[in-house]
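One structure below.
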Amino acid sequence: MTALQPGPFDIAVMAAAPTVLTVRVVGDLDYETSDELVDTVTEELARSGPGGAPWQDLRLDFAQLTWVDSMGLSALLMIRRRTGAAGVTLHLDNRPEFLDRMLDVTNTYDHLTEEVREQDEDVSEAGAN
């Protein structure tokens with residue numbers, strides 16, 4: 001039996017607007033690649049947008065996503081935690097059917113994409129003290 005080889009994985013980061021950060025995810029989001037996505041997003045959220053304005057929106061573009069497993073879902077939940085703490089709204093764009101199904105089955109879509117609330121920002125401030 002032949003072991004499955006992971007497909008190519010890539011992340012492209014771009015500022016879509018002065019306060020909108022877009023991260024395009026290409027390939028499989030799984031055990032092997034999840035940390036790279038979380039680390040990249042975390043680093044980018046720590047930087048200001050063009051012109052020095054803070055990010056207001058993070059758009060994850062999944063148009064070229066080929067697979068997601070439970071570690072990929074875990075990465076998305078961690079990213080949601082980080083965006084909430086930073087006061088940034090997370091958007092999941094161009095979701096393939098298999099990602100929608102996972103989000104539906106795990107009942108996480110609404111949590112991942114809810115508007116940033118004052119409660120999220122309060123948690124961030126409390127953690128800073």
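What you are looking at is a predicted structure, and each value in this text was computed from that prediction instead of being measured. The analysis underlying the following values was restricted to heavy atoms, covering all of them including side chains, and did not include hydrogens, waters or symmetry mates.
Here Thr33 contributes atom OG1 and Asp35 contributes atom CG; the two are 9.0 Å apart, rounded to the nearest 0.5 Å.
For Thr66 (side chain) and Asp28 (main-chain N/O), a donor-acceptor pair under 3.5 Å exists by modelled atom type. Of the possible donor and acceptor atoms, none in the side chain of Thr19 sits under 3.5 Å from a partner among the backbone N and O of Trp55. Using modelled atom types, one side-chain atom of Thr40 and one backbone atom of Glu36 make a donor-acceptor pair closer than 3.5 Å.
Identified under the salt bridge (Lys or Arg N to Asp or Glu O under 4.0 Å) test for residues 44-55, with sequence neighbours left out: Glu44-Arg47. For residues 82-93, every residue pair satisfying the salt bridge (Lys or Arg N to Asp or Glu O under 4.0 Å) rule, not counting sequence neighbours, is listed here: Arg59-Asp93.
For Ala75 against Ser34, the heavy-atom pair with the smallest separation is CB-CB, 3.7 Å. Taking each heavy atom of Leu112 and Arg80 in turn, the nearest pair found is O-CD, 3.4 Å. Leu73 and Val68 get closest at one heavy-atom pair: N-CG2, 4.0 Å. Shown here for Phe62 and Leu92, the closest heavy-atom pair between the two residues is CE1-CD2, 3.8 Å. Considering all non-hydrogen atoms of both residues, Pro50 and Pro18 come closest at CD-O, 3.6 Å.
Val20 and Val41 fall into different hydrophobic clusters, where Ile, Leu, Val, Met, Phe, Trp and Tyr are joined by side-chain heavy atoms under 4.5 Å apart, directly or via other members. Both Val88 and Val13 sit in one connected hydrophobic cluster of ILVMFWY residues. Membership requires side-chain heavy atoms under 4.5 Å apart, directly or through other members. Leu77 is connected to Phe98 through a chain of hydrophobic side-chain contacts under 4.5 Å among Ile, Leu, Val, Met, Phe, Trp and Tyr, so both are in one cluster. Tracing side-chain contacts under 4.5 Å through hydrophobic residues (I, L, V, M, F, W, Y), one reaches Tyr109 starting from Met78; they form part of the same cluster.
Taking a 6.0 Å sphere around CZ of Arg24, one finds it holds 12 or fewer heavy atoms contributed by other residues, nucleotides or ligands.
With sequence neighbours left out, the side-chain contact (heavy atoms from CB on, under 4.5 Å) criterion links Thr89 to Asp57, His91, Glu115, Val116. Judged as a side-chain contact (heavy atoms from CB on, under 4.5 Å), and not counting sequence neighbours, Pro54 has no contacts. Judged as a side-chain contact (heavy atoms from CB on, under 4.5 Å), and not counting sequence neighbours, Ser48 has no contacts.
Inter-residue side-chain proximity for Leu90 and Thr113 is flagged as unmet; no heavy-atom pair is nearer than 4.5 Å. Contact of the Leu29 side chain with the Trp67 side chain is not registered, since no non-hydrogen atoms from C-beta on lie closer than 4.5 Å. Between Val23 and Asp61, every side-chain heavy-atom pair lies at or beyond the 4.5 Å cut-off. In this structure the side chain of Phe9 never reaches within 4.5 angstrom of the side chain of Asp30, judged on heavy atoms.
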| request: Apply side chain to side chain contact (heavy atoms under 4.5 Å, CB included) to Leu65 and Val26, showing your working. | output: CA-CA 5 Å; Leu65 183 70; Val26 178; over 6 Å; no
| Check against side chain to side chain donor-acceptor pair (under 3.5 Å), Asp39 and Thr42 | CA-CA 5 Å; Asp39 291 347; Thr42 301; 5.5 Å; no
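Under a 4.5 Å side-chain heavy-atom criterion applied to ILVMFWY residues, the cluster that includes Tyr31 comprises Met71 as well.
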